[in-house]
There are 2 protein chains.
Amino acid sequence: MTIDQLDARLISLLAQEPRIGVLECSRRLNVARGTVQARLDRLAARGVIVGYGPQIDPAALGYDVTAFVTLQIRQVSGHVPVVDRLALVPEVLEVHTITGGGDMLCRVVARSNADLQRVIDLIVDVEGVVRTSSVIALDTPVPYRTLPLVAAAGT
Amino acid sequence: MTIDQLDARLISLLAQEPRIGVLECSRRLNVARGTVQARLDRLAARGVIVGYGPQIDPAALGYDVTAFVTLQIRQVSGHVPVVDRLALVPEVLEVHTITGGGDMLCRVVARSNADLQRVIDLIVDVEGVVRTSSVIALDTPVPYRTLPLVAAAGT
DNA sequence: GGTGAAAGGTCATTAAG
DNA sequence: CTTAATGACCTTTCACC
């Protein structure tokens, strides 16, 4: 149920230089090309590697403002219809159901603070949303990363 | 400072089928191969496309628990040394400085609820961290996504 | 291991802003 | 006039059988 060092090194290598192919990986890691292929297939089959899609920076698209919005929802209605409506808003990048005082936590982006108000209004207008509470991310000193985790898991 | 429809379609295409190459993209979009390459280079140069690295699912590595930890830090010490220490913890996937009652928001993962306690203890032990407040993500009905945003930006 | 197929680069031409 | 797109050619490299 875990990965070994070779898997971890393979993932790290691909993360640092995604453009290289299987053959180049095998050379860098001093293993046979078939081994690399088999490892990648196995990692993909186990769901460890979800995909290789292009990673987009919302800030480069003009969405400079990131905020975390905690929602309280009307319990009777259930959370599914709320999620469906939230998913229709492009600026909502992810939604979690959470423990604690709130019921859901959304990561949202916007083009400015004024634009954030518009996005939050969209969220508040969702049927079943009772209240929202937002915090704005001023800076992101540690951007999302998984490599250290991969390295730790491969130990 | 934005992208056009061709950029958006190109990104969407690559996101849906990352394994296809530049030539295949040009065929699907009915444009010349050089155009696709130029667009991709431009998107990468502008920072819109950060990379093509493998996307890792922490849950598949055994890290089933995700939590958001809000930190209050001792203001006199500044946040930089705190960030440096937090970055050393593999389970800390991202760190933001935020507005509101807290000072920082961290996304962390752990192997179990008991393991989460261990990770939180690591965070509390960081010099300058005064208090933490955690919420656990029970479910993630909308996983992190940027495609709708790209589509909206390309309009 | 061999082979067909792309990637990546450059170029001249053409179109459009 | 500047920027972008196109189709062509070439060489290296890889993926697949």
Side-chain angles (χ1 to χ4, degrees), chain A residues 3-64 90 111-112 115 146-147 150-151 154, chain B residues 1-57 60-61 146-155:
Chain A
I3 61 177
D4 65 5
Q5 269 191 326
L6 181 57
D7 289 323
R9 285 197 300 152
L10 181 56
I11 291 173
S12 297
L13 178 61
L14 279 176
Q16 284 162 19
E17 304 185 53
R19 329 197 92 177
I20 67 178
V22 175
L23 188 55
E24 185 65 24
C25 286
S26 68
R27 277 195 285 260
R28 304 276 186 97
L29 300 176
N30 289 316
V31 295
R33 62 194 181 207
T35 305
V36 172
Q37 193 78 54
R39 292 302 184 109
L40 288 179
D41 290 345
R42 200 164 60 92
L43 288 171
R46 287 180 45 199
V48 175
I49 295 181
V50 179
Y52 297 89
Q55 291 153 12
I56 306 300
D57 179 14
L61 290 177
Y63 294 88
D64 291 306
R111 294 185 174 278
S112 63
D115 191 44
T146 48
L147 251 58
V150 169
Chain B
M1 288 293 284
T2 183
I3 62 177
D4 65 3
Q5 270 190 327
L6 182 57
D7 288 323
R9 285 198 299 153
L10 180 57
I11 292 172
S12 296
L13 179 61
L14 279 177
Q16 286 162 19
E17 305 184 54
R19 328 198 92 176
I20 69 178
V22 176
L23 186 57
E24 186 64 23
C25 285
S26 68
R27 279 195 284 258
R28 304 273 187 99
L29 300 176
N30 289 315
V31 294
R33 178 183 64 96
T35 303
V36 172
Q37 272 176 340
R39 293 301 186 110
L40 288 179
D41 289 346
R42 202 164 58 94
L43 288 171
R46 287 180 46 199
V48 176
I49 295 181
V50 179
Y52 298 90
Q55 292 154 11
I56 305 300
D57 179 13
L61 290 178
T146 48
L147 251 58
L149 197 68
V150 169
T155 308

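Keep in mind the model is a prediction, meaning the values are calculated, not measured. In what follows, chains are A, B, ... by sequence order, proteins preceding strands, each numbered from 1.
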*Look at B/Arg19 and D/dA15 and indicate whether a side-chain polar atom (N or O) is within less than 4.0 Å of OP1 or OP2.*
no

_d(CG, B/Asp4; P, D/dT3) in whole Å_ = 17 Å

*Rounding to a whole Å, what distance do you find between A/Ile20:CD1 and C/dA7:P?*
17 Å

*Could you check whether B/Gln37 gets within reach of a base, just the sugar-phosphate, or nothing at all, counting any heavy atom under 4.0 Å?*
base

*Of all the choices, D/dC14, C/dG8, D/dG7, which nucleotide is nearest to the side chain of B/Val22 once you look at every atom?*
C/dG8

_Test item: A/Leu40 and A/Leu14 side chains (from C-beta on) under 4.5 Å apart, heavy atoms_ = yes

*Without swapping roles, check the side chain of A/Gln55 against the backbone of B/Gly53 for a donor-acceptor pair under 3.5 Å.*
yes

*Rounded off to whole Å, could you give me the CZ-to-P distance for the B/Arg42 and D/dA4 pair?*
6 Å

*Just to confirm, is there a sub-4.0 Å distance from OP1 or OP2 of D/dC9 to any side-chain nitrogen or oxygen of B/Arg33?*
no

_Counting only side-chain heavy atoms from C-beta out, which of C/dA6, D/dG7, D/dA15 sits nearest to B/Leu23?_
C/dA6

*Between D/dT6 atom P and B/Arg27 atom CZ, what is the distance in whole Å?*
15 Å

*Please tell me which of the listed nucleotides, C/dA6, D/dC14, D/dA4, lies nearest to the side chain of A/Glu24?*
D/dC14

*A/Ile56 vs B/Val150, side-chain contact (heavy atoms from CB on, under 4.5 Å): CA-CA, chis, key distance, verdict*: CA-CA 8 Å; A/Ile56 306 300; B/Val150 169; 4.0 Å; yes

*Contact check, side chains of A/Asp7 and A/Arg42, non-hydrogen atoms, under 4.5 Å*: yes

